[in-house]
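Taking it in order: structure first as C-alpha cells, then the write-up.
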Amino acid sequence: MIQAIVFLPLIGAVIAGLIAIFGAHARNPSGDTVEHHGDVHGHGAVPVDEDAAVIHASHHEPDSNDDHGHDDHAVEPPAAGSRAAELITTGLLLVGAALSWFVLIDVGFMHHDARIALFPWITSGDLQVAWSLRIDTLTAVMLVVVNTISSLVHLYSIGYMDEDPYRPRFFSYLSLFTFAMLMLVTADNLVQMFFGWEGVGLASYLLIGFWYHKPSANAAAIKAFIVNRVGDFGFLLGIFAIFMLIGSIDLETIFAAAPDLTGKTIDFFGWHADALTLTCVLLFMGAMGKSAQFLLHTWLPDAMEGPTPVSALIHAATMVTAGVFMVARLSPLFELAPTAQAVVMFFGATTALFAATVGLVQNDIKRIVAYSTCSQLGYMFVAMGAGAYSVGMFHLFTHAFFKALLFLGSGSVIYAMHHEQDIRNMGGLWRKIPFTFFVMSIGTLALTGFPFFAGYFSKDAIIESAYASDNPMGFYGFLMTVIAAGLTAFYSWRLMFKTFFGEPHDPEHYDAAHESPLWMLIPIGILAAGSILAGFPFKELFAGHGVEEFFRDSLKMHPHIIEEMEAVPEWIKLLPTVMMAIGAYVSYVFYIRRPYVPEELANQHQMLYQFLLNKWYFDELYDLIFVRPAKRLGRFLWKVGDGYIIDGFGPDGVSARVLDVTRNVVRLQTGYLYHYAFAMLIGVAGLITWFMFGLGGQ
C-alpha cells in the first residue's frame, strides 16, 4: 500500500509527460516552435498578476473596449490526449489520497509503524544510504495532507485549465511535484529527504514558470529557485555537520546518538560553536527558505505568477510546509538545542507579524492569501520553537484545508471575473457566485480562528504554547502571534468585503460573472467541509492528552508542554478570539460602514502606507545589497577579467601579435630582384664586420 501511495503520482507524471511530448509532436510534426500568446494586464502602479494568461476566455470574449490590455489571439488546439492526461493523473491521486487515510488510521491508531527498504542507493566509504520508506504517525499525517490537497487540486485544475493547450504538461508537473513531496515526507535518511527537498524545488520552478511566454512568470520562477538555494546551502551544511559528528545520515542512528552530542563543539571558522546549536540553526536555514520565513520570504508572493492551482498546491499543503515537517522530524535534535529553538521561535514570530502587516494593504487577491500563508507558517514555527511540535503539525493539518480553499476560491473569483485579480475592481459578487462566496466565508472563518472552525483549535493552541513555553523568546512569540491574529482577521475580511460586498466596480465583467464549472466547485466544497471537520475531531490527538499515544516516537515533545498549555490563565485562552473579533469589526467599519476611511488614512500616513504596500522594501533592499553588486562584479569580470586580461593577453593577444609579425614579414617579400640583392649585400657586410671585430677582439 505504501509503495502505491508514493509511486502512483510518479506513474501519472510519466504518463502525462509522454502524452505531452507525443501530443505536441502530433499537433506540430514539423518541429517548428509554436509561439503561444496570452493576456497581460496593466494596472498602473499596482502589480497585478495575470493569473490565466493562456486561458483564452471562450467564457467571456473581450471586445475592443476591454481596458485590461488583452492581447486577443486565436486559441491553439489542445494537445492530443489532454483529457486522458487529466483523468489518469487525477484518478491516481484520488486513489493515493484514499489509501493515505487508511494508512493514518492503521499507523496512528493501530500503531503499525513500518520501515520499508526498497534498494541500496549510495555506498561510498562510511556513507551508506539505502532507499527506504519510513512510515510513522508524522509521515501518515503528511501523506493525508499532501495527497488529499493534491488530488483536489488536480480535480480543480481540470476545470480551471480547460482552455489551456498544454494541459498534459501541466498535469505532469503537478504529479511530479506531489511525488517529490511524498519522497520528502517518507524519507528515512537525510540524503533521501534532500532528494525530495530539491525535487519540490525543481517542480515548483516548472509550475511557477508554466506560462513561460510571460517574462514575469520566468522571473518569479528563477527568484523562487535562487532564494531557495540560499536556504538549501544551510541545509546541506547541516547535513554535512551531522555526518561529521555522527558518521551517519540515517535518522534512527542520528536520534540515538544525539544525546551524546550535548556539550560538544565545532570549530566553525575559528569559533568554537556548540555542535547541536550550530547544526540545528543550519538545518533551520533550509526551512527558512522552503517555508518562506522572514529574510528568505521574498520568493513567495511572486510565486503567484503561476496558475492558481499551483498557488494552492505550493502554499497549502506541500512545498512551504516542508520546512515545518523537517523541524518536526528532527525534533529529537532541536529539543537538545534550546538556543536553536529560540532562533526558530524568533523568526517564526517575526514572520507572523511581518507578513500580516504587508497583507493589510495588498490589492491582488492571490497576494493577500499568499502573505496570509507566510504569516501562518510563522505560527507553525512558533509552536516548533516552543517544543509543541504536535501543535505545529495540527496547524499545518488544518491550514492545508482552509488555505487551499481560499486559494481555489480565489481562482473561482478570478475565473468569474474574466481573470481580474485586483479586489478594487470587484464588489457585489456574492449575488453572482453565491457558492464561491459561501465556501470562502467558511475558509475565512477558519483562517481567522472563529470558534469551532478548524483554525480556532490549532491557532489558539499555538498562542497558548508560546505563552506556556520556557523558551527565552516565548513572550515575544506570544505577543507577535496575538497581534497577528487581529491583523489576520482585518485583512481576511477586507478581502471578503471588497470582493463580495458593496457596489460592482467593473460592471462589464460583473454582468458576465457566473459560477465556475463543477470540476472546480466540488473540490472547494470538500475543502470547506475539511475547514470545519479538521479541527475539533483531531484536537485531542494533536494538542491534547492523546498526543503521546498518537505520535509516539515520531515526535520528541517538550516535557509537560501540553499540561502547561492547559494551565494558562483563561484570559490568555480568550485573547486570540477577542483580537479576531476586533480585527473583523474594524474591517467591517472600514469597508462596509465607512468605506472612505481607508483612503483617508492612506493619504494621512503615506510613508507607512507605501512601506507596507512595498513589502517593507525588501525587494529593493536585496536588489541594492545583492543583485546590483553581483551584476557589477559580473560585468567587471566579463569586461576586464575575461575580455581585457584573459582574451587580451591570451588568445586574442597572441593571435594578434602573430598576425602583426606575419603581416610585417610579408611586406619584406616585394618580388623585386634589386631588393633581394640589396638585402644580400647588407647581410654580407654585416657578417664581414662581425668577423673583423670578433677576430680583432681575440
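Quick note: numbers below take in every heavy atom, side chains included, and nothing from hydrogens, waters or symmetry partners. None of these values were measured; they are calculated from a predicted model.
A side-chain donor-acceptor contact under 3.5 Å links Ser204 to the backbone of Gly201. Between the side chain of Thr178 and the backbone N or O of Ser150 there is no donor-acceptor pair closer than 3.5 Å. Counting only distance, with no hydrogens or angles, the side chain of Ser375 and the backbone of Ala355 share no donor-acceptor pair below 3.5 Å. Lys290 contributes a side-chain N or O that, together with a main-chain N or O of Trp197, makes up a donor-acceptor pair within less than 3.5 Å. The closest donor-acceptor contact from the side chain of Thr277 to the backbone of Ala273 lies at 3.5 Å or more, if one exists at all. The closest donor-acceptor contact from the side chain of Ser172 to the backbone of Ala13 lies under 3.5 Å. In this structure, Asp106 contributes its side chain and Phe102 its backbone to no donor-acceptor pair below 3.5 Å. Of the possible polar contacts, one joining the Ser469 side chain to the Asn471 backbone as a donor-acceptor pair under 3.5 Å is found. Judged purely by atom type and a 3.5 angstrom limit, Ser331 uses its side chain to pair as donor or acceptor with the backbone of Lys556.
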Does Phe453 form a side-chain contact (heavy atoms from CB on, under 4.5 Å) with Leu447? I'd like the steps, not just the answer.
CA-CA 8 Å; Phe453 287 79; Leu447 169 62; over 6 Å; no
Using the salt bridge (Lys or Arg N to Asp or Glu O under 4.0 Å) rule, take Asp113 and Arg134 through it: C-alpha gap first, then chi angles, then the decisive distance, then the call.
CA-CA 8 Å; Asp113 296 13; Arg134 181 187 184 92; over 6 Å; no
Phe402 vs Thr444, side-chain contact (heavy atoms from CB on, under 4.5 Å): CA-CA, chis, key distance, verdict
CA-CA 8 Å; Phe402 59 73; Thr444 301; over 6 Å; no
Using the side-chain contact (heavy atoms from CB on, under 4.5 Å) rule, take Met440 and Leu405 through it: C-alpha gap first, then chi angles, then the decisive distance, then the call.
CA-CA 7 Å; Met440 283 195 71; Leu405 169 59; 5.5 Å; no
Between Thr148 and Trp101, is the side-chain contact (heavy atoms from CB on, under 4.5 Å) condition met? List the steps.
CA-CA 9 Å; Thr148 302; Trp101 283 97; 3.1 Å; yes
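The CZ atom of Phe170 sits 10.0 Å away from atom OG1 of Thr89, with the distance rounded to the nearest 0.5 Å. Note that NE2 of His154 is 11.5 Å distant from CD1 of Ile88, once rounded to the nearest 0.5 Å. Atom CD1 of Ile5 is separated from atom CG of Leu143 by 5.5 Å, given to the nearest 0.5 angstrom. Atom CG of Leu336 is separated from atom OG1 of Thr262 by 6.5 Å, given to the nearest 0.5 angstrom. With rounding to the nearest 0.5 angstrom, the CG atom of Leu408 is 7.5 Å from the CD1 atom of Ile524. The CD1 atom of Ile249 sits 4.0 Å away from the CG atom of Asn189 when rounded to the nearest 0.5 Å.
A salt bridge is absent between Lys573 and Glu566; no separation between the charged side-chain nitrogens and carboxylate oxygens falls under 4.0 Å.
Between the side chains of Arg329 and Ser554, no donor-acceptor pair is found at a separation under 3.5 Å. His395 and Ser458 share a donor-acceptor pair across their side chains, judged by distance under 3.5 Å alone. Counted by atom type alone, Ser465 and His558 present zero donor-acceptor pairs between their side chains at under 3.5 Å. Side chain to side chain, Trp519 and Ser157 fail the donor-acceptor criterion of an N or O pair below 3.5 Å. Side-chain N/O atoms of Ser100 and Asn147 include a donor and acceptor closer than 3.5 Å. Glu564 and Tyr467 are not linked by any side-chain donor-acceptor pair at a separation below 3.5 angstrom, with hydrogens and angles left out of the test.
Side-chain contact check for Val103 versus Val144: every heavy-atom pair is 4.5 Å or farther apart. In this structure, Leu330 and Leu190 have side chains that are in contact, with non-hydrogen atoms separated by less than 4.5 Å. Using a 4.5 Å heavy-atom cutoff, the side chains of Asp188 and Leu133 are not in contact. Contact of the Asp553 side chain with the Asp136 side chain is not registered, since no non-hydrogen atoms from C-beta on lie closer than 4.5 Å. In this structure, Thr577 and Asp460 have side chains that are in contact, with non-hydrogen atoms separated by less than 4.5 Å. Contact of the Met319 side chain with the Met181 side chain is not registered, since no non-hydrogen atoms from C-beta on lie closer than 4.5 Å. Side-chain contact between Leu527 and Val439 is absent, with no heavy atoms from C-beta onward closer than 4.5 Å. Considering only heavy atoms from C-beta on, Phe407 stays 4.5 Å or farther from Leu313 through its side chain.
The 12-atom threshold is exceeded at CG of Asp470, counting heavy atoms of other residues, nucleotides or ligands nearer than 6.0 Å. Heavy atoms from other residues, nucleotides or ligands lying under 6.0 Å from CD of Glu540 number more than 12. A 6.0 Å sphere centred on CZ of Phe438 holds no more than 12 heavy atoms belonging to other residues, nucleotides or ligands. Shown here is Glu548, whose CD atom has no more than 12 heavy atoms of other residues, nucleotides or ligands within 6.0 Å. Around the OH atom of Tyr205, the shell of radius 6.0 Å holds no more than 12 heavy atoms that belong to other residues, nucleotides or ligands. Annotation: His560, atom NE2; neighbour count of heavy atoms from other residues, nucleotides and ligands within 6.0 Å does not exceed 12.
Closest approach of Ala461 to Ala543, counting heavy atoms only: CB-CB, 4.3 Å. The shortest non-hydrogen separation linking Ala117 to Ser132 is CA-CB, 3.6 Å. For the residue pair Ile442 and Ser531, the shortest heavy atom distance occurs at CG2-CB, 4.0 Å. Ala312 approaches Val153 most closely through the heavy-atom pair CB-CG2, 4.2 Å. In this structure, Met580 and Ala489 approach most closely via the heavy-atom pair O-CB, 3.3 Å. Met480 approaches Leu353 most closely through the heavy-atom pair SD-CD2, 3.3 Å.
Here the two rings, on Phe551 and Phe542, have centers that are under 6.0 Å apart. Under the 6.0 Å cut-off for aromatic ring centres, Phe235 and Phe194 qualify, their centroids lying closer than that. Between Phe536 and Phe452, a ring centre-to-centre spacing not shorter than 6.0 Å is recorded. Residues Phe334 and Tyr389 keep their aromatic ring centres 6.0 Å or farther apart. The aromatic ring centres of Phe397 and Phe401 sit less than 6.0 Å apart. Aromatic pair Phe346/Tyr476: ring centres closer than 6.0 Å.
A tilted orientation is assigned to the rings of Phe475 and Phe478, their planes being inclined by 30° to 60°. Using cut-offs of 30° and 60° for the angle between ring planes, the Phe179 and Phe195 rings count as perpendicular.
Note that Lys459 lies in the cation-pi zone of Tyr379, set by a 6.0 Å cut-off to the ring centre and a 45° limit from the axis.
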